[in-house]
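Working notes, structure below.
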Amino acid sequence: MSDVPGFGKALVIITGASRGFGRALALEVAARVDATGSVLILAARSDDKLHELQTHVTRVASELTVRCVTADLSRKEDVERVITVIRETQCADIDHLLLFNNAASLGDVSRYCRDFTDVDEVDSYLSFNVSSALCLTTGVLRAVPRRVGLTRVIINISSLCAIKPFASWVLYCTGKAAREMMFRVLAEEEPDLRVLSYAPGPLDTDMQLQARSSSADGCVRSACSGLHAQGQLLTCEASVSKLMKVLLEGNFTSGAHLDFYD
Ligand SMILES: NC(=O)c1ccc[n+]([C@@H]2O[C@H](COP(=O)([O-])OP(=O)(O)OC[C@H]3O[C@@H](n4cnc5c(N)ncnc54)[C@H](OP(=O)(O)O)[C@@H]3O)[C@@H](O)[C@H]2O)c1
């Protein structure tokens, strides 16, 4: 029997699991649940990458049930499809429900606030980054209602941008701030839930690449380039490891914002 502390029998849902932080999260979580009886649900748009990850996970934890849901979470019907898969998942005697709202996009960072004039464009960004996270969360909570012996944990992958403005990142900062408040309200309303907004720190992922190559603001762009050039970006594994420790210890106030550097 493994002496690695874990979540026991769990239903784990990770959005944006195809690459970056979500992928690293899936690999770490898979090692932290009881393989027999646990279910890992991976959602993203890239079907091939999800299935490659599924193969990788099941090579390490062969008993674990891993389901891939190819879904564009900016589309209402795809959000509903993920919820349907969860509703149909047999997980009557689990100890933990863990929902990682990880999927997000940086949006167009090549322009400033003054350049956003198209309501549909802004709505579309917020629909994926804010609305879908709320509706997926409520759908999951309805599909897996509270009961004695079940700990339900909702994790919002947040950012420093939820609390600090960055020039030319109006969509991203607005989305992260809104999302974080949304989860604070959820924590306020549902005291039986454990809700955490985790800012993972600057990660060496595709999103960072976009940030340092496309940001309109020169200071922001050179700050991102500097982190990369000086080897100061975090690996996803290092940040996931901190998140796992926090979740397993459980010493956070529900609704709190926690940064990798805290
Ligand atoms: N990178 C950083 O420095 C940093 C810093 C602070 C916070 N964060 C946060 O950390 C989280 C992960 O970021 P990351 O750096 O790993 O980002 P990433 O490399 O860009 O990966 C984003 C993930 O989200 C998925 N995704 C994007 N659009 C989607 C859509 N419409 N529907 C479903 N899935 C979608 C992508 O998969 P598909 O393309 O296959 O759909 C991918 O798996 C995000 O919430 C981000 O805001 C990142």
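When a residue number appears, it is its place in the shown sequence, counting from 1. Indexing begins at 1, ligand by ligand and atom by atom, following the structure's order.
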Looking at Glu52 and Arg19, is any side-chain nitrogen of the basic one under 4.0 Å from a carboxylate oxygen of the acidic one? no
Check this for me, if you would: do Glu121 and Arg111 make a salt bridge, where the nitrogen-to-carboxylate-oxygen distance has to be below 4.0 angstrom? yes
Nearest neighbour in protein (non-hydrogen) for [atom]:
{"atom": "atom 25 (C) of ligand 1", "result": "Gly16 CA, 3.6 Å"}
{"atom": "atom 2 (C) of ligand 1", "result": "Leu203 N, 3.5 Å"}
{"atom": "atom 33 (C) of ligand 1", "result": "Ala71 O, 3.3 Å"}
{"atom": "atom 31 (N) of ligand 1", "result": "Asp72 OD1, 2.9 Å"}
{"atom": "atom 46 (C) of ligand 1", "result": "Tyr172 OH, 3.4 Å"}
{"atom": "atom 37 (O) of ligand 1", "result": "Ser18 OG, 2.8 Å"}
{"atom": "atom 5 (C) of ligand 1", "result": "Gly201 O, 3.2 Å"}
{"atom": "atom 44 (C) of ligand 1", "result": "Asn102 O, 3.2 Å"}

If I take atom [atom1] from residue [X] and atom [atom2] from residue [Y], how far apart are they, to the nearest 0.5 angstrom?
{"X": "Gln54", "Y": "Leu50", "atom1": "CD", "atom2": "CG", "value": "8.5 Å"}
{"X": "Lys49", "Y": "His56", "atom1": "NZ", "atom2": "NE2", "value": "15.5 Å"}
{"X": "Leu258", "Y": "Tyr198", "atom1": "CG", "atom2": "OH", "value": "7.0 Å"}
{"X": "Arg152", "Y": "Ile94", "atom1": "CZ", "atom2": "CD1", "value": "10.0 Å"}
{"X": "Lys245", "Y": "Leu243", "atom1": "NZ", "atom2": "CG", "value": "12.0 Å"}
{"X": "Cys161", "Y": "Leu106", "atom1": "SG", "atom2": "CG", "value": "8.0 Å"}

Kindly check if the number of other-residue, nucleotide or ligand heavy atoms within 6.0 Å of CD (Gln232) is above 12? yes
Side-chain donor or acceptor of Arg194 paired with backbone N/O of Phe252 under 3.5 Å: yes
Taking Asn129 for its side chain and Ser105 for its backbone only, find out whether a donor-acceptor pair lies under 3.5 Å. yes
Under 4.0 Å from a heavy atom of [X]: give me the atoms of ligand 1 that qualify, with their elements.
{"X": "Pro202", "answer": "3 (O)"}
{"X": "Ser46", "answer": "38 (P), 39 (O), 40 (O)"}
{"X": "Pro200", "answer": "6 (C), 7 (C), 8 (N), 10 (O)"}
{"X": "Asp206", "answer": "19 (O)"}
{"X": "Gly20", "answer": "16 (O)"}
{"X": "Phe21", "answer": "12 (C), 16 (O)"}

At under 4.0 Å between heavy atoms, is it the side chain or the backbone of Cys236 that contacts ligand 1, or both, or neither? neither
Mode of Lys176 contact toward ligand 1 - side chain, backbone, both, neither (heavy atoms, under 4.0 Å): side chain
I'd like to check whether Thr205 has a polar contact with ligand 1, where a contact means an N/O of the residue lying under 3.5 Å from an N/O of the ligand. yes
Is there a polar contact between ligand 1 and Gln208, counting only N or O atoms under 3.5 Å apart? yes
Select the closest option to [atom] among [options], judged by heavy-atom distance.
{"atom": "atom 30 (C) of ligand 1", "options": "Phe128, Phe100, Tyr198", "answer": "Phe128"}
{"atom": "atom 22 (C) of ligand 1", "options": "Ala104, Ser74, Gly22, Ala24", "answer": "Ala104"}
{"atom": "atom 39 (O) of ligand 1", "options": "Arg75, Arg19, Lys49, Arg23", "answer": "Arg19"}

Determine, stepwise, if the pair Leu209 / Arg212 fulfils side-chain contact (heavy atoms from CB on, under 4.5 Å). CA-CA 5 Å; Leu209 173 63; Arg212 66 177 171 272; 3.6 Å; yes
Using the rule given for side-chain hydrogen bond (donor to acceptor under 3.5 Å, both in side chains), can you reason through Glu180 versus His257, listing the C-alpha separation, both sets of side-chain angles and the distance that settles it, and then say yes or no? CA-CA 8 Å; Glu180 187 141 329; His257 172 98; 2.6 Å; yes
